[in-house]
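Okay, so here's the structure we're looking at.
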Amino acid sequence: MSSSVLKIDNLHVSVEGTPILKGVNLEIRSGEVHALMGPNGSGKSTLAYALAGHPRYEITDGNIEIDGAGLLELDPCERARLGLFLAFQYPVTIPGVKVADFLRHAISNVRNPERREGEELVPMREFRKELRSRMQELDMDAEFARRYLNEGFSGGEKKRMEILQLAMLAPKFAVLDETDSGLDSDAVRVVSEGLAKLSGPGMGVLIITHHERLLEYNIPQFTHVMLAGRIVETGDAALAHELHSNGYAGVRERHPDAAAEETEALAGQS
Ligand SMILES: Nc1ncnc2c1ncn2[C@@H]1O[C@H](COP(=O)(O)OP(=O)(O)O)[C@@H](O)[C@H]1O
Ligand SMILES: [Mg+2]
C-alpha cells in the first residue's frame, strides 16, 4: 500500500477580510490519527473549510498539498478525487435522492476524473456488489440504502450514512469536524466504532472534537492545540486527555501571546 502525506504549510486564511488562521503547519501521513483541539473560535472549523475548498475561506498565504500536488487551485470535487474526505457536524439533505443513488454518484465522481455531469456512472452491478459488501462489513441493514438521504434520519442514522460514505469513498485523508457534536450516546458510538473499523494503514485521519469517546476508540498519535489561529502545542493522546479534564487555561498560560490575541479577536467581534 502506498503511503501519502497531506501537508499544510504556513496556512493563512481570512474570512470576509478578517485574518483567522495565522500560519498553520500540519503534516498527516497515511495510517496516522491526529486530534485537533482548541477553544471555540480558535479556527478549527476554518481549517476544515479551507481544506474542503469552501469559497468563503480565502487563502492569503501558505499551501496545502497531497503528495506534492497543490490543492489551492482545485475545486472541492477535484480535492475529493485526490483523496480528501470531509465530514461536518450538519450533513446535507437532498430531497428525493436515495442513499444508494447518492453514493453511486459520489464514487463515480471521485473515481473518474474525466467524468462530467450526466455522464456514465460506475456500472450498477459492480456498484451494488461493492455497496452490499461494505454494508455487511459495517453490520448495516441492506434496507438502509433504499432510504432517502438524511430525510427523517435519526442522529445515529446520519452517522451510519457518514461512515458508509467513508467506506465507499475510501479516501486517503479523512477530516471530521465535530461530527460527534450534539449526538446521543448511540450515535457517538456509531461514528466512533465505524471510524475505528475503517481507519488503517491506508488512511490518515484528522479528528476535530470536544468529546472523549471518539478519541477513545481512535487513539491519536498526535494531538494539536489551536489557539487564536495557530497550532501552539502538539503532543500525544495524553495531551488530549489532559485538555478534556482540565480545559484550556493551562494552554493559555503557556502561550500568553496567543491568549492575548484570542482576547483581542473576541473584543473585536462584540
Ligand atoms: N463564515 C464565517 N463568517 C464570519 N466569521 C467566521 C466565519 N467562520 C469563522 N469565523 C470566525 O473565525 C473564528 C474561528 O472560527 P471557527 O473556525 O469556527 O472556530 P472553531 O471551529 O475552532 O470554534 C471565529 O472568530 C469566527 O467568528
Ligand atoms: Mg468549529
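Heads up: numbering here begins at 1 and tracks the sequence. As the structure is a prediction and not an experimental result, all values here were calculated from the model. In listed order, ligands and their atoms are each counted from 1.
Looking at heavy atoms from C-beta onward, Met37 lies out of side-chain contact with Met226 at the 4.5 angstrom threshold. Contact of the Glu27 side chain with the Leu6 side chain is not registered, since no non-hydrogen atoms from C-beta on lie closer than 4.5 Å. With a 4.5 Å cut-off on side-chain heavy atoms, Leu138 and Lys197 count as touching.
Taking every heavy atom of Thr46 and a limit of under 4.0 angstrom, the matching atoms of ligand 1 come to 9 (C), 14 (C), 15 (O), 16 (P), 17 (O). Under a 4.0 Å criterion applied to the non-hydrogen atoms of Val15, ligand 1 contributes the atoms 1 (N), 2 (C), 3 (N), 4 (C), 5 (N), 6 (C), 7 (C). Atoms of ligand 1 found under 4.0 Å from any heavy atom of Lys44 (numbered from 1 in listed order, with element): 17 (O), 19 (O), 20 (P), 21 (O), 22 (O), 23 (O). The Ser45 neighbourhood of ligand 1 comprises atoms 17 (O), 18 (O), 20 (P), 21 (O), with distances under 4.0 Å to a heavy atom of that residue. Residue Asn40 has at least one heavy-atom neighbour below 4.0 Å for each of these atoms of ligand 1: 23 (O).
Here the protein heavy atom with the shortest distance to atom 23 (O) of ligand 1 is Gly41 N, 2.7 Å.
The Mg ion (ligand 2) has an N, O or S atom of Ser45 under 2.8 Å away, backbone or side chain.
More than 12 non-hydrogen atoms from other residues, nucleotides or ligands lie less than 6.0 angstrom from NE2 of His211.
In terms of modelled atom types and a separation under 3.5 Å, the side chain of Asp9 and the main chain of Gly62 share no donor-acceptor contact.
Relative orientation of the Tyr57 and Tyr49 rings is parallel, given thresholds of 30° and 60° on the angle between their planes.
For the residue pair His224 and Thr234, a side-chain donor N or O sits within less than 3.5 Å of a side-chain acceptor on the partner. Side-chain contact, Glu32 with His34: a donor N or O sits under 3.5 Å from an acceptor N or O.
The option from Leu21, Ile20, Val13 that lies nearest to atom 10 (N) of ligand 1, judged by heavy atoms, is Ile20. Of the candidates Pro39, Gly43, Gly17, it is Gly43 that places a heavy atom closest to atom 19 (O) of ligand 1. Nearest residue to atom 3 (N) of ligand 1 from Arg56, Glu16, Gln269 is Arg56 (criterion: closest heavy atom).
A heavy-atom separation below 4.0 Å is not found between Gly38 and ligand 1. Heavy atoms of Tyr57 approach ligand 1 to within less than 4.0 angstrom.
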